[in-house]
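Input: a single structure, listed below in structure tokens.
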Amino acid sequence: MQNFEELGRELERRGKTDKLKALADSQEVQKLGKMIDPAAIERAAKSGDGDAIRSLLSSVLSTQEGQRLARSIQQLMKD
């Protein structure tokens with residue numbers, strides 16, 4: 001799997017970074033961000049615990065907002 005720097009360069013090469021930034025700044029994503037416990041994200045990220053990260057992603061994707069975000073990202077990456 002690519003590291004984040006390579007992924008960032010690939011997204012920029014494909015002209016996706018501005019669209020992803022706009023999506024991240026959307027009201028829906030901001031609302032979704034308020035639903036997630038920042039401490040839980042930090043713990044999962046620091047520990048590298050795959051199960052904790054999957055659990056957080058599952059909780060996000062179980063919401064309507066999370067599902068819409070996932071669809072938006074999928075569509076963005078297809079274009």
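Here the structure is a predicted model, which means the values were calculated and not measured.
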**Report entry** Point-to-point distance, once rounded to the nearest 0.5 Å, from OG1 of T63 to NZ of K31
**Finding:** 9.0 Å
Query raised in the report: Around K16, counting heavy atoms of other residues, nucleotides and ligands shown, do more than 12 lie under 6.0 Å from its NZ?
Result: yes
Query - Hydrophobic cluster membership, L56 vs I73, 4.5 Å side-chain cutoff - result: yes
**Report entry** Side-chain donor or acceptor of R14 paired with backbone N/O of M77 under 3.5 Å
**Finding:** yes
Report summary line: Between S62 and S59, the two heavy atoms sitting closest are OG-O, 2.7 Å
Report summary line: Heavy atoms of E65 and L32 approach each other most closely as CB-CD1, 4.1 Å
**Report entry** Sidechain N-carboxylate O distance under 4.0 Å for R9, E12
**Finding:** no
Report summary line: d(E42 CD, S47 OG) to nearest 0.5 Å is 10.5 Å
Query raised in the report: How does the hydrophobic cluster around L61 look, that is, which other residues are in it when side-chain heavy atoms under 4.5 Å mark a link?
Result: none
Query raised in the report: Is the backbone N or O of R54 less than 3.5 Å from a side-chain atom of S58, with the two atoms forming a donor-acceptor pair by type?
Result: yes
Query - Same apolar cluster (I L V M F W Y, side chains within < 4.5 Å links), L23/M35 - result: yes
Query raised in the report: Hey, any chance L20 and L57 share a hydrophobic cluster, counting ILVMFWY side chains that come within less than 4.5 Å of each other, even indirectly?
Result: no
**Report entry** L76 vs R71 side-chain heavy atoms within contact, under 4.5 Å
**Finding:** no
Query raised in the report: I53, V60: one ILVMFWY side-chain cluster at the under-4.5 Å cut-off?
Result: no
Query raised in the report: Would L11 and K19 count as a side-chain contact (heavy atoms from CB on, under 4.5 Å) if you check the C-alpha gap in whole Å, the side-chain angles of each, and the deciding distance to 0.1 Å?
Result: CA-CA 10 Å; L11 289 171; K19 292 177 182 177; over 6 Å; no
